[in-house]
Amino acid sequence: MNKKYDFHTIENKWRPYWQAIDLYKTGEDPQKPNYTILDYFPYPSGEGLSVGHCRNYVPSCIAARYKRMTGYNVLHPMGWDAFGLPAENYAIAHHIHPRESTAQFAANYKRQMQLVECSYDWSREINSTDPDYYRWTQWFFLLLFKRGLAYQAMSSQWWCDQCQTILANEQVEHGRCWRCDSPVSKRDLMQWHFKITAYADRLIADLDTVNWPERIKTMQRNWIGRSEGAEVLFTVETSDVPKTSDVYEIITFTTRPDTLFGVTFLALAPEHPLVGEIGTEAQRTATSAALSAGVANYIQSTRRLSEIERQSTERAKTGVFTGLYARHPFTDEPIPIWVADYVLPGYGSGAVMGVPAHDERDFAFAQTYNLRIVNVVNPDETGPDETACFTGYGRLVNSGPYTGMDSAAAITAITADLSAQGKGRPRVTYRLRDWLISRQRYWGAPIPIIHCSTCGPVAAPEADLPVRLPEMADFAPAGDGRSPLARVTDWVNTTCPQCGGAAQRETDTMDGFACSSWYFLRFASPHEAARPFDPEAAARWLPVDTYIGGAEHAVMHLLYARFWTKVMADAGLIDFVEPFSELKNQGMLHSAVDGQKMSKSKGNVVTPDEVIARHGTDALRLYVVFLGPFDADVIWDDVGIRGITRFLDRFWRLAHSGFDAKAQSGKESEEFERERHRVIKRVTADMEGYRFNTAVAALMEYLNYLHDHRDVPADQWQQALESFAILLAPFAPFITEEIWQTVWGHTDSIHRQNWPTYDEALTTAVTARLAVQINGKVRDHITIPTDMAEAEIRQLAVNQAQRYVNGRTPHNIIIVPGRLVNIVV
RNA sequence: GCCGAAGUGGCGGAACAGGCAGACGCGCACGACUCAAAAUCGUGUUCCUUCGGGAGUGUGGGUUCGAUUCCCACCUUCGGCACCA
């Protein structure tokens, strides 16, 4: 008699069994090739996992299982990126130490992942807040420091009032903190930076060597924002008054040296270092005292603007004339110097040569303040258009000796002449800024630097690592812009490793993204005590073959990790320069309630726990991938999972009672065997291409086929069912194991079986059904042997479609082998 | 504004490389089983139709014997960047 399909009992039965046989342990068979499938390093939050997270972890698990069954040693690990602001903010709010709260959250994530039966090798679990881990994060900091890639500088940086810390450029979205979404402002602080800009060109070039979504590569290229151009030097006229320095020089950056003769003003960012000095200079001349006050007022009012307002492109551009003039490097003409808030302090040199005729922003500014507009480039085809600005390339006019040249030639010539005269030089600038890693917060890896009044910043000795995070009862930021660590005086006060004098520890902690910039290496040898990783293990498992995660880290983690990897390669620690050979972005899962991303605050979360309680782990896993293509955004629909539970039920019943001795014809069926080969072929191809949704559809079709074709010999029937079960096993580990072992009596796990193979020759039928078209419209069908000659097919088709041909003469007949015949009349 | 992706039944989606649009699943309708319901099984399900057919993959053109697929223009949605000189 049939046993009812009771997924709870089955799950409880097999979980401990797989644990006992170490099913997911990383393979070490030297005969097999190695393969690493890695998920993004998750940040365990108090909300726990939703079914949305399963869009990431279930496909990677299915892929890992597939790889194991096709003969690979597979490394599929999991760990916790547990330092960071939300954990700390939560801890402060709930009066609990972040160590405890993150341990709880990580444990909950792990419990849920195990509930979903994600096939991670838990013996390799890591945690970035473990001193045995952050010890090596600090070690890498020192590696960068020793290589001149970590430096301290006073800079004006994004400050989040809510989180009470500095943020990197990448971590500010639309003028808001990426973590707490509150508006950010600028603050001047001494900060540690990593010199990622030194790697900008390599970060662009090596994108061509990785198999990543084109979208992500484009985002990275845009973010790095390389532009070639020239620096142009303007000297400042200071009349006859005494100068505080000999000559003032303003360096501007332009990508369009060909427009140099169109410069009608200079614009400095309000933060430009010369603005203050120029103000002082202007003050000395009685006539411009009013002007000077104007500049001061203007800078004041700019400061009051929030960054969102300041950066809005909607807002009219504002500025103020300084009363001073610079000299044009070629014509010596006086050029008025303005301060304008549309000029960004952090890009180029924070100064712009204003060419209103050929730059939209300069044009808008010139119109507002009635500045001259001098056209120096004409479009090639049409004449000049004096009413609007022309930003394209063309032919030069009004440009002295360069008149008549095309833009490209003029760019080369003008840049060369500027260089020759010492008034400029070729220059490449990047939108990318150096990575600011100082955080004025408690819950992070301490920066392992000791400040000595005589030796300056000194690396903490390697033997002293880890520099442990001191215990603190109150780790909330004081709001003074300093890290809470600054209050732990006996931790701060130490001796200089170089001179032995009194010294102080650096009190800032590292950005959490430092931890995730090398974690993939740690998984190769997670228990290594003497080194960050065992180079042999790293060579075996890295770079990561397939990296799976969402697109949200396109310019943060993915850029930082690439940078660190290149630094490590330069230091001779590893022999690859890209950490992730292949990247796959899963689509997001939205709530059916509001179409939004699931989150507790929106109250639209569906948890794997509740779905598993109702429908079982197998159903959840299948449904998550069946909802839609791996990389497409989909909406969770509570009702649709019924299709999956019916499918599993049907398999259960067929495996128990499908075999009906009386119905057996006893004759092997060729067609039946062909269908088996075809489903293996389809599912295998879909697995390779991460088309899990159509793989499930193929399995459903095959099960429907089996259901309707039970009149074959017992052996053939059993072989078909077993093939089906193995193909289904990566998706539905429980039901397949139960049937494999308990119903069919096998004594080893189905998950250790080889992936079934197919014979290409057996996948094609001996007869084909062709569509017969008249002028491209399907009118009839013919069934023919696949080896029928074309002439015969032609004849057959014409005869068959006689009534549609209707006496007309076919003047063309097109045959697409195996598909159709098109008769053109 | 710029860059990128995508628009297919009531719904999620399928269609190798230009070759029978709508696989698979949900939902719905009808039938079988049942006292009844659930479950299951079966049949049907793009729209219009005078039952011959006709129309149909965001819209309008084009290439082709043939277009969801290629080209051009446009509309809509989503994602990224957003004064980067």
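In this text, all values refer to a predicted model and were calculated from it rather than measured experimentally. In what follows, every chain begins at residue 1, and chains take the letters A, B, ... in the order their sequences are listed.
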Inset, instruction - Compare the minimum distances between each of B/C83, B/C24, B/C26 and the side chain of A/Lys317, then state the nucleotide with the smallest one. - result: B/C83
Inset, instruction - Using a cut-off of strictly less than 4.0 Å, decide whether A/Thr694 has a side-chain nitrogen or oxygen near OP1 or OP2 of B/G13. - result: no
Inset, instruction - Could you work out the separation of B/U59 and B/U77 based on their C1' atoms and round it to a whole Å? - result: 15 Å
Legend entry - Closest listed nucleotide, where the reference is the side chain of A/Val778 and the choices are B/C24, B/A21, B/G13: B/A21
Inset, instruction - Only stems of 3 or more consecutive Watson-Crick or G-U pairs count here, both distances under 3.5 Å; name the ones for RNA chain B, or none. - result: B:1-7 with B:75-81, B:10-12 with B:24-26, B:27-32 with B:40-45, B:46-48 with B:53-55, B:58-62 with B:70-74
Legend entry - Close aromatic pair by centroid cut-off 6.0 Å: A/Phe265 and A/Phe365: yes
Legend entry - Exercise: do A/Asp618 and A/Tyr623 side chains pair donor with acceptor under 3.5 Å: no
Inset, instruction - Using atom OH of A/Tyr430 as one end and atom P of B/A85 as the other, report the distance to the nearest whole Å. - result: 13 Å
Inset, instruction - Using the six-membered ring wherever Trp is involved, compare the ring planes of A/Phe692 and A/Tyr690 and label them parallel, tilted or perpendicular (cut-offs 30° and 60°). - result: tilted
Legend entry - Exercise: do A/Asn704 and A/Arg650 side chains pair donor with acceptor under 3.5 Å: yes
Write down the protein N/O and nucleotide N/O pairs, taken from nucleotides 62-67 of chain B, whose separation is under 3.5 Å; answer none if there are no such pairs.
from: B/C65; atom 1: O2; to: A/Asn822; atom 2: ND2; distance (Å): 2.5

Inset, instruction - Please work out if A/Val343 contacts a base, only the sugar-phosphate, or nothing of the nucleic acid, heavy-atom cut-off 4.0 Å. - result: base
Legend entry - Along RNA chain B (nearest heavy atom to each residue), the more 5'-positioned of A/Pro345 and A/Ala632: A/Ala632
Legend entry - Donor-acceptor contact below 3.5 Å, side chain A/Arg256 vs main chain A/Thr391: yes
Inset, instruction - Ignoring hydrogens and angles, state whether a donor on the side chain of A/Tyr298 or A/Thr318 is under 3.5 Å from an acceptor on the partner side chain. - result: yes
Legend entry - Side chain of A/Ala771 (C-beta onward), nearest among B/A85, B/C24, B/C20: B/C20
Inset, instruction - Examine B/G25: is either OP1 or OP2 under 4.0 Å from a nitrogen or oxygen in the side chain of A/Asn704? Give yes or no. - result: yes
Pairs under 3.5 Å (N/O, protein and nucleotides 44-48 of chain B):
none

Inset, instruction - With sequence neighbours excluded, tell me which residues meet side chain to side chain contact (heavy atoms under 4.5 Å, CB included) with A/Asp780. - result: A/Val772, A/Gln800
Inset, instruction - Select one nucleotide: of B/C41, B/C24, B/A85, the one nearest the side-chain heavy atoms of A/His707. - result: B/C41
Inset, instruction - Name the orientation class of the two ring planes belonging to A/Phe261 and A/Phe330 (parallel below 30°, tilted from 30 to 60°, perpendicular beyond 60°). - result: tilted
Inset, instruction - Measure from the side chain of A/Asp637, starting at C-beta and using heavy atoms only, and say which of B/A14, B/G42, B/C26 lies closest. - result: B/C26
Inset, instruction - Would you tell me whether A/Thr429 and A/Tyr347 have side-chain atoms, one donor and one acceptor, within less than 3.5 Å of each other? - result: yes
Inset, instruction - Look at the side-chain N and O atoms of A/Arg215 and state whether any lies under 4.0 Å from the OP1 or OP2 oxygen of B/C3. - result: no
Legend entry - Rounded distance in Å - CD1 (A/Ile635) to P (B/G12): 8 Å
Legend entry - Side-chain donor-acceptor pair present, A/Tyr430, A/Asp201, cut-off under 3.5 Å: yes
Inset, instruction - Can you figure out which of B/A85, B/G13, B/G42 approaches the side chain of A/Arg650 most closely? - result: B/G42
Legend entry - Distance, rounded to the nearest Å, where A/Asp638 contributes CG and B/G12 contributes C1': 14 Å
Inset, instruction - Pick the C1' atom in B/U8 and in B/A23, then give their distance to the nearest Å. - result: 13 Å
Legend entry - Spacing of A/Asp633 atom CG relative to B/G79 atom P, expressed in whole Å: 9 Å
Legend entry - Short side-chain N/O contact from A/Arg653 to OP1 or OP2 of B/C41, under 4.0 Å: yes
Inset, instruction - Identify whether the glycosidic angle of B/G62 places it syn (within 90° of 0) or anti. - result: anti
Legend entry - Residues that A/Glu701 engages under side chain to side chain contact (heavy atoms under 4.5 Å, CB included), provided they are two or more places apart: A/Arg682
Legend entry - Nearest-Å distance once atom C1' is located in both B/C78 and B/C28: 30 Å
Inset, instruction - Just call it for A/Thr252: base, sugar-phosphate, or nothing, with non-hydrogen atoms closer than 4.0 Å on any strand. - result: nothing
Inset, instruction - Look at the side chain of A/Arg431 and decide which nucleotide, out of B/A82, B/C20, B/C41, has an atom nearest to it. - result: B/A82
Legend entry - Distance in angstrom units between A/Phe647 CZ and B/C41 P, rounded: 13 Å
Inset, instruction - Pick base, sugar-phosphate or nothing for A/Leu627, based on heavy-atom distances below 4.0 Å to the nucleic acid. - result: sugar-phosphate
Inset, instruction - Could you tell me whether the side chain of A/His615 and the main chain of A/Val611 form a donor-acceptor pair under 3.5 Å? - result: no
Legend entry - Pairwise C1' distance, B/C11 and B/A32 [rounded to whole Å]: 28 Å
Inset, instruction - Compare the minimum distances between each of B/G53, B/C41, B/G13 and the side chain of A/Arg779, then state the nucleotide with the smallest one. - result: B/G53
Which atoms of nucleotides 27-33 of chain B (N or O only) lie under 3.5 Å from a protein N or O atom, and what are those distances?
from: B/G27; atom 1: OP1; to: A/Arg642; atom 2: NE; distance (Å): 3.0
from: B/G27; atom 1: OP2; to: A/Arg646; atom 2: NH1; distance (Å): 3.2

Legend entry - Between B/G25 and B/G7 - P atom distance, rounded Å: 23 Å
Inset, instruction - Write down the distance separating the P atoms in B/U43 and B/C24, rounded off to the nearest Å. - result: 12 Å
Inset, instruction - Give the rounded distance in Å between these two atoms: CD1 of A/Ile813 and C1' of B/G19. - result: 16 Å
Legend entry - Upstream residue (5' side of RNA chain B) when A/Asn222 and A/Thr255 are each assigned their closest nucleotide: A/Asn222
Legend entry - Spacing between A/Ile644 atom CD1 and B/C24 atom P, to the nearest angstrom: 14 Å
Legend entry - Mutual orientation of the aromatic rings belonging to A/Trp338 and A/Tyr369 [parallel < 30°, tilted 30-60°, perpendicular > 60°]: tilted
Inset, instruction - Name the orientation of the base relative to the sugar in B/G22: syn if the glycosidic angle is within 90° of 0, else anti. - result: anti
Legend entry - Pair A/Ser723-A/Arg676, side-chain donor/acceptor within less than 3.5 Å: yes
Inset, instruction - Specify whether A/Tyr40 and A/His557 have parallel, tilted or perpendicular ring planes, treating 30° as the upper limit for parallel and 60° as the lower limit for perpendicular. - result: perpendicular
Inset, instruction - Between B/G80 and B/C41, how far apart are the P atoms? Round to whole Å, please. - result: 44 Å
Inset, instruction - Can you establish whether the number of heavy atoms outside A/Arg221 located under 6.0 Å from its atom CZ is more than 12? - result: yes
Inset, instruction - Could you tell me whether the side chain of A/Arg55 and the main chain of A/Val624 form a donor-acceptor pair under 3.5 Å? - result: yes
Legend entry - Whole angstrom value for the distance that separates P of B/C78 from CD of A/Glu552: 19 Å
